[in-house]
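Numbering starts at 1 and runs along the sequence shown. No hydrogens, no waters, no symmetry mates; every other heavy atom, side chains included, goes into these values.
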Amino acid sequence: LPTAEYLHGDRLTVISEVVDPPPGMDNVIDCFPPPPRQMKTLVTVYDVTDRDSPALVQKTELDGRYVQSRRIDDFVYLVQDHDQGEILLPPPELLDEPVTPETGRVHESQERYVERMQEEIDSIIDSILPHYTSFGPDGEIVQTGFLNAPEDLFQPPSDGARNLISVVSLNVGSDIPGISQSTGILTDGADKIYGSLESLYVFDDQSTPEDRSVTQISKFDWNAQTGTVEFAARGRVAGRMLNQFSADEYEGDLRIATTVSNSGSGNWSGRSETALFVLRDDAGVLEFVGGMQNLALDESIRSVRFMGERAFVTTFRNIDPLFALDLSDPAHPESRGHVTMPGFNSYMQLIDETHILAVGRNTPAVGSGPTQVSLFDVSDLSRPELIDQYTFERFSTSEAEADHHAFGWFAEHRVLAMPSARSYFQRVDEDGDGYHETRKPFREDQLFAFQIDVTATRESGDGIRLLGEIEHQSPVRRSAFIDG
């Protein structure tokens, strides 16, 4: 199943998730409980110089569950999660000796068992660690081996860590199949990632008896010129982050926003709050530099966006406060101002230095409302201002609320293109007697286009102007601007 793709120059990279049955169970139809499936990731690179006839360049299959990926220039970096399960060595062997009441069955000695394990260590490691296989354009195997060499694995940060997280780089600009480099660490898992030009961060939601919900952080250093990637540091913060936009790196510091529940942990108040932490790599440990807590009590984060020394956080319970944060002093970040409105923002994009364009929901105090687009002026952090809003028709939703790739901002034209899906029931008169006796479902799929004017004011009310709607017979996923 294709799950991600990158187009760089004339090279198209397609990342697909593959689920295989366990070995020896290819033809098994019914089985309870169902056996665990083998997760693999397939990376396929095409040369699309001739758009009418793409040519396969290379394919690489990697063991493990695909988490996410990033591309910098010619290198694509993948994060793979391989559940090691409970690693058990083979039991001691029984000796072929007579059984007596005094001795019973006799096992090999401890010295012989250790010696045998040393002799079989290569096959044991081979059965435990994930592998990769790279193919040329003709389907021939060009490279194969361990995804992570045993000597390149880092010790688990905690007892019981059983997930091997691998960061793998592939040079998709090269005609030579294979991985460029990989590194791995035994940890508890991986949920989200964030990448800057210098670093890659892998985040995992965990729960501890002391802090309940926490976010574990693994930092990797990468080099876009060579494709090298190395494990750098570990750390953790209280609370749970929303998505990749909840984290950012600025001048070497990691900033991360989380929602802390305080239920059975924290201050034990049972009142959720928004927290922001600033961490710095200190000899392999992400140490606390500064932070801010007790922001937006009883609310949860719905969207975050960082921009240099500023950050913008949307929280929600009944109304939507958009908080403007000043991060110029990493040791003492502070909230400078906020603006409220019904509903919330699900995704925010800075379209210039002083304006945010956001998509979310116009949600009343009770119930769920339709999709809305909002334009904010954030030139003054102490007084962020809502310039204009456009609310879609009732029952409308948009994929852009959950996936920022559907948020089509074309800066050169100051145009926003966004999909809309509207599902509703309507009574119809099927027999023509004038009485609408039947309740039938309807669905409308459209692409909306808006003109965005950042010179508009709140009073003018023309910051968001509808250009048109294009009806479709199937769900709209993405938009593109071609030839001016």
Is any side-chain heavy atom of [Y] closer than 4.5 Å to one of [X]?
X	Y	answer
R478	D403	yes
L78	T41	yes
F203	I256	yes
T183	E230	no
L386	L375	no
D352	V454	yes

Between [X] and [Y], a side-chain donor and acceptor under 3.5 Å:
X	Y	value
Q181	S169	no
S272	E299	no
S382	R336	no
D74	H8	yes
R65	Q38	no
N362	T391	yes
S166	Q80	no
Q206	Q216	no
D81	N163	yes
T354	S379	no

**Message:** When you measure from the side chain of R71 to the backbone of D73, do you find a donor-acceptor pair of N or O atoms at a distance under 3.5 Å?
**Reply:** yes
**Message:** Looking at S300, is its backbone amide N or carbonyl O close enough to the side chain of T315 to form a donor-acceptor pair, meaning the two atoms are under 3.5 Å apart?
**Reply:** no
Any salt bridge linking [X] with [Y]? Criterion: basic side-chain nitrogen under 4.0 Å from a carboxylate oxygen.
X	Y	value
E249	R255	no
D248	R305	no
E61	K40	yes
E353	R310	yes
R236	D204	no
R458	D388	no

**Prompt:** Relative to the ring of F392, is the ring of Y390 parallel (under 30°), tilted (30 to 60°) or perpendicular (over 60°)?
**Reply:** perpendicular
**Asked** Would you call the rings of H404 and F245 parallel, tilted or perpendicular, where under 30° means parallel and over 60° means perpendicular?
**Response** perpendicular
**Message:** Please evaluate residues W222 and I72 with respect to the criterion side-chain contact (heavy atoms from CB on, under 4.5 Å), reporting the C-alpha separation (whole Å), side-chain torsions for both, the decisive distance (0.1 Å), and the verdict.
**Reply:** CA-CA 10 Å; W222 58 12; I72 304 180; 3.5 Å; yes
**Request:** Measure the CD-OG distance between E309 and S328 for me, rounded to the nearest 0.5 Å.
**Result:** 5.5 Å
**Fill in**
The reported gap from OH in Y194 to CZ in R70 (rounded to nearest 0.5 angstrom) is 9.5 Å
**Request:** Evaluate the side-chain contact (heavy atoms from CB on, under 4.5 Å) criterion for residues L276 and F306: first the C-alpha distance (whole Å), next the side-chain angles of each, then the deciding distance (0.1 Å), finally the verdict.
**Result:** CA-CA 12 Å; L276 184 138; F306 291 89; 4.0 Å; yes
**Message:** Suppose the criterion is salt bridge (charged side-chain N to carboxylate O under 4.0 Å, His left out): which pairs have a residue in residues 375-386, not counting sequence neighbours?
**Reply:** none
**Chi angles and distances behind the salt bridge (charged side-chain N to carboxylate O under 4.0 Å, His left out) call for R234, D281** = CA-CA 8 Å; R234 286 277 296 178; D281 185 353; over 6 Å; no
**Asked** Taking it one step at a time, do H355 and F376 satisfy ring-ring contact (aromatic ring centres under 6.0 Å, His included)?
**Response** CA-CA 6 Å; H355 290 85; F376 298 90; over 10 Å; no
**Asked** Relative to F425, does R439 satisfy both conditions: NZ or CZ under 6.0 angstrom from the six-membered ring centre, and within 45 degrees of the ring's axis?
**Response** yes
**Message:** A cation-pi test, strictly: NZ or CZ of R422 under 6.0 Å from the centre of the six-membered ring of Y424 and no more than 45 degrees from its axis. Yes or no?
**Reply:** yes
**Request:** Search all heavy atoms of G343 against all heavy atoms of F316 and return the closest pair with its distance.
**Result:** O-CD1, 3.3 Å
**Item:** Which atom of L147 lies closest to which atom of L62, heavy atoms considered
**Value:** CD1-CD2, 3.4 Å
Considering residues, nucleotides and ligands other than [X], do more than 12 of their heavy atoms fall under 6.0 Å from its [atom1]?
X	atom1	value
R443	CZ	yes
Q225	CD	no
E5	CD	no
K219	NZ	yes
H332	NE2	no

